[in-house]
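Below: the structure, in structure tokens.
All ligand and atom numbering here is 1-based and tracks the order in the structure. The shown structure was predicted, so the numbers you read here are calculated from the model rather than taken from an experiment. By convention here, the first residue in the shown sequence is residue 1. Side chains included, hydrogens not; waters and symmetry mates left out as well; all remaining heavy atoms used.
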Amino acid sequence: MTTPSSTARLLDGKALSAQILDQLQSAVAKHQQQGGAQPGLATVLVGDDPASHIYVRHKRRACENVGIQSFHYPLEAYVGQSQLLELIQQLNEDERVHGILVQLPLPRDVDYVEQDVLAAIAPHKDADGFHPANQGALLQGQKAPIPCTPKGVMRLLAETKMELSGAHAVVVGRSNIVGKPVAMLLLEQNMTVTLCHSRTRDLAAEVRRADVVVAAVGVPELIEGDWIKPGAVVLDVGINRKADGKLVGDVEFYAAAEHAAWITPVPGGVGPMTIAMLLENTVEAAGVPL
Ligand code: NAD
């Protein structure tokens, strides 16, 4: 994607993720040549949500390309909690499986809560980094699997070589899977972090002060281009389909590119990084040196 008449440079997640996947493939091959085990990722998919099926298919295909063994467990939407937890327990004990991913969201109207399912995964096999122990470790700045999308955001931010310490980051969205962990990772880099959400009084004023903006809302083009401070870095996590079928982020891309120094496109920005980080978490869990 080009940014005509803009000042911004593109943070190309597609290119960066391709590089990372190449590196993972080489590391996995070398590990196996030296007698190490092949990394394995188990995907658990409950129900028949079409978008979830597509996401899981992409993740499995990426695994195969990198040399990670993929184990897939599609379950009926009405599967009970005990059956689901039993499967997770089996995967926790399966030596071929180094990472376990339960595709979210789980179907509505089930008799269990998402948090209980995520908590059943052995923390060291938690490829998504959603286990409460791993989220707690993140809060305390300890080493643990990091949620994939936030990890991908940080990797893209590192590409800018910007001095993060002391700079101001504004994160919009406070979900457990994106907004909150991104805020913690930015804080870990000694940034001053503001976490905005649906009750924030004056979102425009908050964003205008940001050296780094992370948008993780799910509202198409909510963040207006002229809110972006000149020279800021804009990382757009949002994936929204407009009525005309076009995919857009949470930021007005072209207008924001007039002000930003760096900006991620949608698609092709944060999205491909999420899969690359999932694979990286799995390869790390298998003890492959990176
Ligand atoms: P979520 O619905 O769980 O959370 C959205 C957050 O946005 C909430 O904290 C809410 O307070 C905040 N919000 C809602 N309206 C707002 C407003 N008007 N002003 C300010 N804040 C507002 O969403 P999520 O799971 O964090 O996902 C956010 C977006 O990121 C979605 O578009 C999703 O599809 C996308 N996403 C992309 C990837 C990827 O790989 N690129 C991964 C996960 C999520």
Heavy-atom nearest neighbour of atom 17 (C) of ligand 1 within options Val219, Val178, Leu222: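 Among Val219, Val178, Leu222, the closest heavy atom to atom 17 (C) of ligand 1 belongs to Leu222.
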
Closest to atom 21 (N) of ligand 1 (judged by heavy-atom distance), picking from Lys180, His197, Met277, Arg174: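 Ranked by closest heavy atom to atom 21 (N) of ligand 1, first place is His197.
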
Quick check on contacts: which atoms of ligand 1 are under 4.0 angstrom from a heavy atom of [X]?
X      : answer
Val237 : 30 (O), 35 (C), 36 (N), 37 (C), 38 (C), 41 (N)
Gly271 : 40 (O), 41 (N)
Ile177 : 25 (O)
Gly173 : 6 (C), 7 (O), 9 (O), 12 (C)
Val172 : 20 (C), 21 (N)
Thr274 : 39 (C), 40 (O)

Measuring from Glu159:CD to Leu16:CG, what's the distance to the nearest 0.5 Å?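 Going from the CD atom of Glu159 to the CG atom of Leu16 covers 4.5 Å.
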
What is the distance from atom OH of Tyr112 to atom CD of Gln83, rounded to the nearest 0.5 Å?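 These two atoms lie 9.5 Å from each other.
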
Judging by distance only, is a nitrogen or oxygen of Asp250 under 3.5 angstrom from one on ligand 1?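 Checking ligand 1 against Asp250, no N or O pair falls under 3.5 Å apart.
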
Quick check against the 3.5 Å criterion: does [X] have a side-chain atom that pairs as donor or acceptor with the backbone of [Y]?
X      : Y      : value
Asn134 : Pro123 : yes
His31  : Ser26  : no
Asp128 : Leu101 : no
Thr264 : Asp236 : yes
Gln25  : Gly67  : no
Asp211 : His168 : yes

Met154 and its side chain to side chain contact (heavy atoms under 4.5 Å, CB included) partner, picked from Met273, Met277, Gln189: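 Exactly one option meets the side chain to side chain contact (heavy atoms under 4.5 Å, CB included) with Met154, and it is Gln189.
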
Between [X] and ligand 1, find which residue part has any heavy-atom pair under 4.0 Å and reply side chain, backbone, both or neither.
X      : result
Thr149 : side chain
Ile239 : both
Val217 : both
Asn240 : side chain

Does atom 34 (O) of ligand 1 have any protein heavy atom closer than 4.0 Å?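 For atom 34 (O) of ligand 1 the answer is yes, since some protein heavy atom falls inside 4.0 Å.
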
Mark the output for [X] as yes if a heavy-atom distance to ligand 1 is under 4.0 Å, and as no if none is.
X      : result
Cys196 : no
Thr200 : no
Ala216 : yes

Could you tell me whether Glu224 and Arg208 have a side-chain N and a carboxylate O separated by less than 4.0 Å?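 Salt bridge flag = no for Arg208 with Glu224.
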
